[in-house]
Amino acid sequence: MTSNEANPTTGQVIVITGPSGVGKGTLLRQLCSQDENLCLSVSATTRAPRPGEIDGQHYYFVTLEKFRTMIAQGELLEWAEFAQHYYGTPRAPLEMLIHQGKDVILEIELEGARQVRTTYPDARQIFILPPSMAELERRIRDRGQDSEAAIARRLARAQTEIAAAAEFDYQLVNDDLHQSLQELESIIAQCRHP
Ligand SMILES: Nc1ncnc2c1ncn2[C@@H]1O[C@H](COP(=O)(O)OP(=O)(O)OP(=O)(O)O)[C@@H](O)[C@H]1O
Ligand SMILES: Nc1nc2c(ncn2[C@@H]2O[C@H](COP(=O)(O)O)[C@@H](O)[C@H]2O)c(=O)[nH]1
């Protein structure tokens, strides 16, 4: 039985994907802070921490060697390369949380979302879209965390990801933040109580 079949003792897996800078983290931090039964999975990554990011809270920051070992030992539910770094979802903490009855959100890119469809075919998947590419670029630049080369890589990848939005169960345009929060809350409620 996968976690998303009707079993009241296990939580749901919910996947949220969308181009870098669209506002996934902003939306999810707000929603998860309001609900102790809604958790955000903590990914492993080979990228360096940004100012203010805490190991074990925002990501598990690992070396490339450690990441390769995690892949080889089957410790990752899914993983992908993104903008010259590796990202993956540690399997054990996710399984522990859903067996505790928590609903767990995976905030991951497109290739990872596709992999999760194999492992958790009943997991609902949500795609967050920007109002425009110009606004997406503005948000990435205003965040002020990426080099010009990294911004270019992220915007190029955004085109590919947006082209795949129709693969997802739900699509949401993150324009007005307050309205998007309400819409995402409503979508997640549908995912949790199908
Ligand atoms: N609705 C919105 N309107 C205006 N700015 C927004 C909105 N949502 C998020 N932002 C801003 O956009 C920037 C990027 O947001 P955020 O870091 O949450 O994106 P992300 O999708 O999680 O990116 P990544 O996938 O790279 O981690 C932040 O500076 C955030 O404050
Ligand atoms: N496939 C996965 N993608 C992930 C995971 N954790 C984060 N991500 C995605 O990576 C990009 C870049 O993130 P950033 O923090 O460097 O801006 C973004 O799209 C995330 O959603 C993961 O475990 N697996």
Side-chain angles (χ1 to χ4, degrees), residues 13-33 39-62 67 70-71 75-94 104-120 123 125-147 149-162 164-165 168 172-185:
V13 174
I14 300 167
V15 172
I16 304 225
T17 299
S20 174
V22 76
K24 303 179 297 294
T26 304
L27 291 163
L28 292 172
R29 276 191 299 276
Q30 175 84 26
L31 290 183
C32 291
S33 70
C39 305
L40 205 46
S41 165
V42 179
S43 299
T45 183
T46 59
R47 88 151 160 73
R50 294 176 180 141
E53 285 185 329
I54 298 166
D55 187 39
Q57 184 177 325
H58 296 91
Y59 279 106
Y60 296 105
F61 295 100
V62 299
F67 196 92
M70 292 173 87
I71 295 172
E75 292 176 21
L76 297 177
L77 174 74
E78 60 73 34
W79 65 272
E81 183 274 339
F82 184 97
Q84 297 188 337
H85 300 290
Y86 290 88
Y87 297 80
T89 302
R91 190 189 297 273
L94 169 71
V104 185
I105 294 179
L106 309 186
E107 187 216 315
I108 60 179
E109 54 67 68
L110 177 63
E111 294 307 323
R114 287 174 169 160
Q115 292 167 45
V116 175
R117 287 176 204 154
T118 309
T119 333
Y120 289 100
Q125 299 209 339
I126 304 165
F127 195 93
I128 313 285
L129 290 149
S132 66
M133 287 305 290
E135 172 63 9
L136 181 67
E137 181 168 352
R138 190 194 68 74
R139 288 183 192 172
I140 296 176
R141 287 189 183 283
D142 282 5
R143 187 166 65 181
Q145 299 289 347
D146 299 289
S147 65
I151 291 170
R153 281 192 293 271
R154 283 168 187 258
L155 288 172
R157 182 75 167 242
Q159 305 273 8
T160 310
E161 297 206 312
I162 289 169
F168 288 71
L172 166 63
V173 178
N174 179 22
D175 192 350
D176 175 74
L177 185 58
H178 180 69
Q179 189 182 332
S180 300
L181 271 170
Q182 289 185 333
E183 287 176 19
L184 187 58
E185 197 170 10

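When a residue number appears, it is its place in the shown sequence, counting from 1. First listed ligand is number 1; within each ligand, the first listed atom is number 1.
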Out of [options], whose heavy atom is nearest to [atom]?
atom: atom 27 (O) of ligand 1; options: Arg143, Arg29, His58, Lys24; answer: Arg143
atom: atom 8 (N) of ligand 1; options: Asp176, Asn174, Ile128; answer: Asn174
atom: atom 23 (O) of ligand 1; options: Ala158, Gly21, Pro19; answer: Gly21
atom: atom 2 (C) of ligand 1; options: Glu109, Arg139, Gln30; answer: Arg139

Quick one: does [X]'s side chain get under 4.5 Å of [Y]'s, heavy atoms only?
X: Leu31; Y: Ile105; result: no
X: Ile162; Y: Pro130; result: yes
X: Thr89; Y: Val116; result: no

Problem - Sub-4.0 Å heavy-atom contact, Val22 with ligand 1 - result: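 Contact present.
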
- Message: Below 4.0 Å from ligand 1: does a non-hydrogen atom of Glu107 turn up there or not?
- Response: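 Within the 4.0 Å threshold, so yes.
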
Is [X] reaching over with its side chain to a backbone N or O of [Y], donor-acceptor style, under 3.5 angstrom?
X: Thr45; Y: Tyr87; result: no
X: Lys24; Y: Gly18; result: yes
X: Glu109; Y: Phe82; result: no
X: Asp175; Y: Pro131; result: no

May I ask you to identify the nearest protein heavy atom to [atom], giving residue, atom name and distance to one decimal place in Å?
atom: atom 19 (O) of ligand 1; value: Gly23 N, 3.1 Å
atom: atom 22 (O) of ligand 1; value: Gly25 N, 2.8 Å
atom: atom 26 (O) of ligand 1; value: Ser20 OG, 2.6 Å
atom: atom 18 (O) of ligand 1; value: Thr26 OG1, 2.5 Å

Can you name the residues that form a salt bridge (Lys or Arg N to Asp or Glu O under 4.0 Å) with Glu161, not counting sequence neighbours?
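For Glu161, no residue satisfies salt bridge (Lys or Arg N to Asp or Glu O under 4.0 Å) once neighbours in sequence are set aside.
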
Check: If you measure from each non-hydrogen atom of Asp175 to ligand 1, which part falls under 4.0 Å: side chain, backbone, both or neither?
Finding: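 Backbone only.
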
Practice item. Run the numbers for me: atoms of ligand 1, each under 4.0 Å from some heavy atom of Arg154, listed by number. Key: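 Those qualifying, in numeric order: 26 (O).
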
Check: Which atoms of ligand 1 are found less than 4.0 Å from any heavy atom of Leu177?
Finding: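 With Leu177 as reference, the close atoms of ligand 1 come out as 1 (N), 8 (N).
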
- Between Tyr86 and Trp79, how do the two ring planes meet: parallel, tilted or perpendicular, split at 30° and 60°?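 Tilted.
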
Tell me, please, which residues at least two apart from Arg153 pass side-chain contact (heavy atoms from CB on, under 4.5 Å).
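If we apply the side-chain contact (heavy atoms from CB on, under 4.5 Å) test to Arg153, skipping adjacent residues, the hits are Ala83, Gln84, Ala149, Ala150.
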
Only counting residues at least two apart or in another chain, list the ones meeting side-chain contact (heavy atoms from CB on, under 4.5 Å) with Glu53.
->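 Partners of Glu53 by the side-chain contact (heavy atoms from CB on, under 4.5 Å) criterion, ordered by chain and then number, come out as Arg47, Pro49, Arg50, His58, Tyr59, Phe61.
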
Could you give the N/O to N/O pairs under 3.5 Å linking ligand 2 and the protein, each with its distance?
unit_1	atom_1	unit_2	atom_2	d
ligand 2	1 (N)	Glu78	OE1	2.8
ligand 2	1 (N)	Glu109	OE2	2.6
ligand 2	3 (N)	Glu109	N	3.1
ligand 2	6 (N)	Ser43	OG	3.0
ligand 2	13 (O)	Tyr59	OH	3.3
ligand 2	15 (O)	Arg47	NH2	2.8
ligand 2	15 (O)	Tyr59	OH	2.5
ligand 2	16 (O)	Arg47	NE	2.6
ligand 2	16 (O)	Tyr87	OH	2.5
ligand 2	16 (O)	Arg154	NH2	3.0
ligand 2	17 (O)	Arg50	NH2	2.8
ligand 2	17 (O)	Arg154	NH1	2.7
ligand 2	21 (O)	Glu107	O	3.4
ligand 2	23 (O)	Ser43	OG	2.7
ligand 2	23 (O)	Glu78	OE2	3.3
ligand 2	23 (O)	Gly88	N	3.4
ligand 2	23 (O)	Gly88	O	3.1
ligand 2	23 (O)	Thr89	N	3.4
ligand 2	23 (O)	Thr89	OG1	3.4
ligand 2	24 (N)	Glu78	OE1	3.4
ligand 2	24 (N)	Glu78	OE2	2.7

Which distance, rounded to the nearest 0.5 Å, do you find between the OG1 of Thr26 and the CG of Leu177?
->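 The distance works out to 7.0 Å.
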
